[in-house]
Amino acid sequence: MTSQAAIERVDSAEMMRHLTHIAPYVKLSGSAQEAESLRYIQSVLDGYGYATTWIEHDAYISLPGAARVTVDGRELKAITHSMSQSSLPGGLSAPLVYVGDGTEADFAKQDVTGCIVLAEGIASPPVSFRASRAGALGQLHISPHEHLHEMCLSPVWGNPSDETLANMPSTVVCTVSDADGSALRAALAGGARPAVTLFAEVDTGWRKTPLLVAELVEPGQDFILFSGHHDTWYEGVMDNGTANITMMEVARVAAQQRADWKRGLRLCFWSGHSHGRYSGSSWYADTHWQELETRCAVHVNIDSVGAKGASVLSEAPTAIELHGLAHDVIEKQSGQKLKTKRIGRGGDESFWGIGIPAMFMAFSEQVPGNVKMRHALGWWWHTSGDLLDKIDPENLARDGRIYLEIIHRLLSAEVLPIDHARQLDALSAELAKLAPPGLDLADLQGDIAALRTALEAARADWDAPRLNAALIRLSRALVPLDYTRGDRFIHDPAMPAAPWPSLDPLRRLAAATPDTDAARHLAVSARQARNRVAHGLREGLKALGG
């Protein structure tokens with residue numbers, strides 16, 4: 001069977017049948033309904049011939065409960081958030097202070113110690129972290145519209161450790177509608193001092209959560225990791241039921257072509273994405289670090305596909321070394337051209353420290369509207385409105401065909417379609433922007449050129465098995481520089497990160513006033529960052545026999 005013939009066998013009716021089965025479950029992390037839904041998925045994959053493993057592990061999970069906000073005795077509709085503090089029974093009352101979008105500059109303008117901060121937009125880890133550090137007692141977020149979106153506020157990626165526990169949110173947090181929040185903003189601007197009280201109940205603590213692994217992998221064989229979270233807010237039919245069903249359909253059809261595979265396929269269904277800040281994928285990365293480091297070639301993530309009106313495929317975030325693959329498949333299957341869009345610090349991208357190239361997160365999107373959303377995934381995202389009526393079977397099948405062809409190419413290609421030359425060009429361009437005083441980066445540019453030459457020679461002269469092994473080793477050297485601060489064994493915070501965050505100390509030094517004490521302190525970290533990059537490039541040369 002040719003690849004295209006297999007791709008056409010994606011069955012939207014079969015996908016909708018499975019989706020309809022799991023759609024009614026409210027899949028909170030660690031809940032009985034989550035387990036029942038996941039057991040159904042396991043049974044289907046067993047029937048497709050996959051070896052499945054059910055894992056339960058400890059996870060730090062936070063489930064929001066009842067919430068309300070009172071203003072001058074009048075009650076507003078409100079929700080609280082995962083990882084918020086619970087209020088005392090009498091609620092939290094404190095002066096209300098407006099902080100705009102909640103940027104660093106916004107918080108620097110005024111003292112919010114002991115206050116409730118009123119912030120624009122959907123609640124987020126960065127604003128929560130700044131409010132906690134600034135000494136605020138509470139946060140009140142203004143939704144961009146009438147819908148209230150569930151969120152996890154932890155800036156800690158995965159389960160908090162003894163070293164990161166202090167970074168967890170310390171405030172009581174609620175969200176109200178745009179209309180109610182705008183009235184509060186206007187009252188403050190007019191000089192009023194409304195009496196605001198936040199009430200929030202949040203169940204936070206360690207509990208067992210499930211993780212389903214399904215694979216067709218020979219002992220010792222390299223493999224492609226295909227993953228998506230299973231836990232949801234409410235029923236979460238789009239986020240992330242459609243992704244789970246797409247994984248199942250890709251697994252079904254791909255297995256029919258197993259004779260073409262050059263490497264194995266492993267699927268992972270995570271819990272703790274929504275309520276534990278990626279606790280499932282980060283636990284798996286930590287627990288299976290050595291196996292993943294040795295044998296995992298690429299990570300393909302899937303989130304929120306197949307929705308009604310989801311006509312935008314050009315924004316799918318992709319690591320630059322996999323952009324060519326993604327661009328070819330998306331254009332072939334949809335006619336759209338993929339933009340160069342870097343993967344943000346989110347989703348279950350817990351494998352960058354290990355050095356595994358990644359592609360995709362949230363995938364098919366709506367045409368952006370006037371409402372400022374975190375993602376263009378429809379107003380129902382992270383609300384109780386994420387139900388079966390938001391799904392378009394044709395879009396679901398379209399997205400399934402794209403993911404199937406991506407997975408098929410990764411499984412069957414003689415040489416892995418990882419374009420490290422393009423990644424090296426990106427690093428060279430970032431370094432070219434920098435001129436940190438006292439640090440010469442010319443030798444790094446020389447190492448990049450040498451590595452690029454060695455890569456071209458290997459592609460010309462080496463057989464496929466040797467070249468594939470080298471591409472995987474080269475990924476281990478470059479991906480941590482590209483997507484982490486440089487420590488391969490920890491998880492960076494769930495906070496926005498610049499491209500090549502390992503270069504941040506060099507950027508800070510380049511922006512500093514020369515010959516100041518501040519610049520001298522920054523130079524310490526900058527020299528270490530330079531050495532980290534040089535070491536990564538040397539490790540890359542070793543992978544290519546240099």
Side-chain angles (χ1 to χ4, degrees), residues 97-113 115 117 119-121 124-136 155-157 163-164 166-167 170 320 340 342-346 352-353 423-449 477-488 490-538:
V97 177
Y98 182 65
V99 294
D101 291 330
T103 65
E104 292 282 0
D106 290 326
F107 275 99
K109 292 175 183 176
Q110 54 197 319
D111 183 4
V112 300
T113 304
C115 297
V117 297
E120 301 286 348
S124 69
V127 177
S128 178
F129 182 75
R130 293 170 195 139
S132 296
R133 285 298 174 92
V156 174
W157 191 282
E163 296 178 338
T164 61
N167 294 329
S170 63
I320 196 165
T340 301
R342 186 177 174 84
I343 304 177
R345 185 74 180 135
W352 287 330
Q423 189 176 26
L424 289 167
D425 289 344
L427 175 56
S428 178
E430 288 295 325
L431 289 170
K433 300 174 185 177
L434 301 175
L439 285 181
D440 187 356
L441 305 182
D443 56 342
L444 295 181
Q445 294 284 16
D447 289 342
I448 291 172
L478 295 180
V479 171
L481 298 177
D482 195 351
Y483 275 96
T484 79
R485 296 176 181 176
D487 190 326
R488 297 184 66 200
I490 66 171
H491 301 280
D492 287 344
M495 304 278 273
W500 298 89
S502 56
L503 302 181
D504 281 349
L506 295 167
R507 295 183 178 111
R508 290 194 294 270
L509 178 59
T513 302
D515 298 323
T516 61
D517 285 352
R520 293 182 181 94
H521 289 303
L522 290 168
V524 176
S525 296
R527 283 190 290 269
Q528 295 166 353
R530 182 200 169 284
N531 292 338
R532 181 178 293 114
V533 175
H535 174 74
L537 295 172
R538 287 195 299 271

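This one's a predicted model, so the numbers in the text were calculated from it and none came from an experiment.
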Are any of the side-chain heavy atoms of Leu509 and Pro437 separated by less than 4.5 Å?
yes
Counting C-beta onward and ignoring hydrogens, is there a side-chain heavy-atom pair between Val533 and Leu441 closer than 4.5 Å?
no
Once you round to the nearest 0.5 Å, how far does CG of Leu506 lie from CD of Gln528?
11.0 Å
Working to the nearest 0.5 Å, report the span between CZ of Arg508 and NE2 of His521.
13.5 Å
Under the 3.5 angstrom rule, does the side chain of Asp106 hit a backbone N or O of Asp101 as a donor-acceptor pair?
yes
Between Ser502 and Gly486, is there a donor-acceptor pair closer than 3.5 Å when you use the side chain of the first and the backbone of the second?
no
Are Asp425 and Ser428 close enough that a side-chain donor and a side-chain acceptor fall under 3.5 Å?
no
Quick one: does Leu503's side chain get under 4.5 Å of Leu427's, heavy atoms only?
yes
Quick check for you: to the nearest 0.5 Å, what is the distance between Ser128 atom OG and Met495 atom CE?
9.0 Å
Distance from Ile320 atom CD1 to Arg342 atom CZ, nearest 0.5 Å?
9.0 Å
Give a yes-or-no answer on whether the side chains of Asp111 and Thr113 include a donor-acceptor pair shorter than 3.5 Å.
yes
Just checking, Arg345 and Trp352: is the charged tip under 6.0 Å from the six-membered ring centre and within 45° of the axis?
no
Determine, step by step, whether His491 and Val156 satisfy the side-chain contact (heavy atoms from CB on, under 4.5 Å) criterion, reporting the C-alpha distance in whole Å, the side-chain angles of both residues, the deciding distance to 0.1 Å, and the verdict.
CA-CA 8 Å; His491 301 280; Val156 174; over 6 Å; no
Are any of the side-chain heavy atoms of Thr164 and Pro493 separated by less than 4.5 Å?
no
Leu478 vs Leu537 side-chain heavy atoms within contact, under 4.5 Å:
yes
Measuring only between side-chain heavy atoms, which start at C-beta, is Asp492 closer than 4.5 Å to Trp157?
no
So Val99 and Glu120, do their side chains get closer than 4.5 Å, heavy atoms only?
no
Can you tell me how far OG of Ser525 sits from CZ of Arg485, rounded to the nearest 0.5 angstrom?
11.5 Å
Please round to the nearest 0.5 Å and tell me the distance separating atom NE2 of His535 and atom CG of Leu481.
9.0 Å
I'd like to know if the side chain of Gln110 and the backbone of Tyr98 have a donor-acceptor N/O pair within less than 3.5 Å.
yes
Any idea which heavy atoms bring Gln445 and Ala432 closest together, and the distance?
NE2-N, 3.7 Å
Which atoms form the tightest heavy-atom contact between Gly536 and Ala477, and what is the distance?
O-CB, 3.3 Å
